[in-house]
Amino acid sequence: KNVELLLCVDGHGKAIVAGKTYEWCPGDIIAVNPDEMHMFCTDDTIEYYCIIATYDFCIENGIDLSTKSFIHLTNDTYIGELFRNAVTDFTSDEIDITKTRIDVLLFLYELSKKHSEPNESKESNFNEIANVIQYIYDNYNKNITLDDAAKVAGLSKHYFTKKFKQVTGTTFVLFLNRVRCNNAAEMISNGTSISDASYACGFNDPAFFSRTFKKLLDKNPSSVKKFR
């Protein structure tokens with residue numbers, strides 16, 4: 001339940017937070033809120049500063065993360081300077097705890113005031129999607145539909161689709177098919193025929209299964225058997 005805040009100092013990269021991709025350039029601040037899936041990638045060297053604020057620290061100091069979330073990408077010169085000040089405090093030879101705390105809080109207050117938005121029952125949404133993910137693992141070999149998944153979550157189909165991608169970073173169909181393909185790969189590696197594995201894991205068409213397998217796992221089903 002921590003907030004991860006990262007300031008790009010030099011270089012370029014991409015940040016993927018809660019299913020959304022952002023270009024990350026010098027001066028940009030990426031905020032990763034509690035329970036948000038994320039990853040960073042770059043083809044080059046990238047230098048950045050990072051501050052991790054615990055949920056309890058924020059709550060104790062009047063920043064209620066149960067009602068608001070930081071905006072994922074911010075480029076604000078003033079906020080960036082506050083970030084640098086806090087980092088400088090941490091890296092100085094003689095750390096002044098009081099000054100460091102004040103500078104971190106000032107940074108968090110200003111970021112919260114200028115670059116946050118109200119939550120939409122985030123914890124509840126996370127639990128609802130977690131229930132669907134468990135449902136997928138338990139029933140991937142059956143004919144699961146988007147309507148079925150939305151009913152498990154107790155959400156409308158439109159809202160479920162939005163929230164599922166926000167939490168997992170991918171669509172319901174791609175997630176389901178990846179689970180199916182991973183299980184099929186295990187079956188094939190243990191001697192099951194490609195056709196039997198495809199049907200056993202919820203696919204109705206072996207040809208479609210092979211195309212999907214190649215797309216999601218970047219290899220052909222036959223290669224799994226070949227290198228057993």
Side-chain angles (χ1 to χ4, degrees), residues 1-4 14-22 32-41 55 65-66 69 72 117-228:
K1 290 252 179 191
N2 298 332
V3 176
E4 189 172 343
K14 292 183 185 295
I16 304 172
V17 185
K20 297 180 180 178
T21 301
Y22 303 92
V32 181
N33 297 290
D35 293 328
E36 287 185 331
M37 298 183 181
H38 60 283
M39 66 177 293
F40 299 90
C41 53
Y55 183 87
L65 297 179
S66 67
S69 296
H72 292 148
E117 55 192 4
N119 278 343
E120 299 178 4
S121 302
K122 178 185 292 186
E123 184 171 350
S124 174
N125 288 329
F126 183 84
N127 291 336
E128 289 157 354
I129 299 306
N131 290 337
V132 173
I133 290 173
Q134 186 60 56
Y135 176 76
I136 289 172
Y137 278 107
D138 291 341
N139 298 279
Y140 65 86
N141 59 329
K142 300 174 183 176
N143 183 28
I144 302 175
T145 66
L146 181 60
D147 286 326
D148 295 331
K151 287 178 182 177
V152 170
L155 302 171
S156 70
K157 188 162 64 173
H158 173 76
Y159 192 65
F160 166 73
T161 299
K162 175 183 175 183
K163 288 303 169 186
F164 190 90
K165 187 166 186 180
Q166 186 178 75
V167 171
T168 66
T170 189
T171 66
F172 163 74
V173 172
L174 284 178
F175 187 96
L176 171 61
N177 283 339
R178 182 175 288 277
V179 171
R180 286 172 166 170
C181 287
N182 284 338
N183 281 276
E186 183 176 357
M187 292 180 68
I188 293 167
S189 69
N190 288 325
T192 303
S193 71
I194 292 174
S195 178
D196 287 348
S198 68
Y199 287 121
C201 291
F203 290 95
N204 296 321
D205 180 353
F208 174 73
F209 161 70
S210 294
R211 292 195 300 271
T212 304
F213 192 99
K214 171 66 175 176
K215 178 181 177 181
L216 296 181
L217 302 188
D218 198 28
K219 55 188 173 184
N220 293 313
S222 57
S223 69
V224 177
K225 199 160 195 170
K226 186 190 328 185
F227 296 109
R228 183 186 172 194

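These numbers come from a predicted model, not from an experiment.
- Taking the ring pair (Phe, Tyr, Trp, His ring centres under 6.0 Å) definition, one finds that Tyr140 meets it with nothing, sequence neighbours left out.
- Once rounded to the nearest 0.5 Å, the distance linking CG of Asn33 with CG of Asn2 reads 11.5 Å.
- Put simply, CD1 on Ile136 and CG on Asn131 are 11.5 Å apart, with the number rounded to the nearest 0.5 Å.
- Scored by the side-chain contact (heavy atoms from CB on, under 4.5 Å) test, Leu146 finds Lys157, Phe160, Thr161, Phe172 as partners (sequence neighbours excluded).
- In this structure, Lys165 NZ and Lys20 NZ are separated by 10.0 Å, a value rounded to the nearest 0.5 Å.
- Across every non-hydrogen atom of Asn139 and Ile144, the tightest pair is O-CD1, 3.0 Å.
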Practice prompt. Take His72 and His38 through the side chain to side chain contact (heavy atoms under 4.5 Å, CB included) test and state the conclusion after the steps.
Written response: CA-CA 11 Å; His72 292 148; His38 60 283; over 6 Å; no
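- One distance of note links CE of Met187 with OG of Ser193; it measures 8.5 Å at 0.5 Å rounding.
- Residues satisfying the ring pair (Phe, Tyr, Trp, His ring centres under 6.0 Å) criterion with Tyr55, sequence neighbours excluded, are absent altogether.
- Scanning for side chain to side chain donor-acceptor pair (under 3.5 Å) contacts around Asn141 gives an empty result, with sequence neighbours left out.
- Arg180 and Cys201 get closest at one heavy-atom pair: CG-O, 2.9 Å.
- In plain terms, the two heavy atoms of Ala153 and Val132 that are nearest each other are CB-CG2, 3.7 Å.
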Report, one line per pair, each donor and acceptor closer than 3.5 Å where one atom sits in a side chain of residues 205-217; sequence neighbours left out.
residue : atom : partner : partner atom : Å
Asp205  : OD1  : Ala207  : N            : 2.9
Ser210  : OG   : Pro206  : O            : 3.1
Thr212  : OG1  : Phe208  : O            : 2.9

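- By the 4.5 Å heavy-atom criterion applied to side chains, Val179 and Asn183 are counted as neighbours.
- Contacts of Lys219 classified as salt bridge (Lys or Arg N to Asp or Glu O under 4.0 Å), with partners at least two apart in sequence or in another chain: none.
- A distance of 10.0 Å separates CG in Leu174 from SG in Cys181, rounded to the nearest 0.5 Å.
- The two residues Ile188 and Ala197 come nearest to each other via the heavy atoms CG1-CB, 3.7 Å.
- Here the CD1-CG distance, from Ile133 to Leu176, works out to 12.0 Å after rounding to the nearest 0.5 Å.
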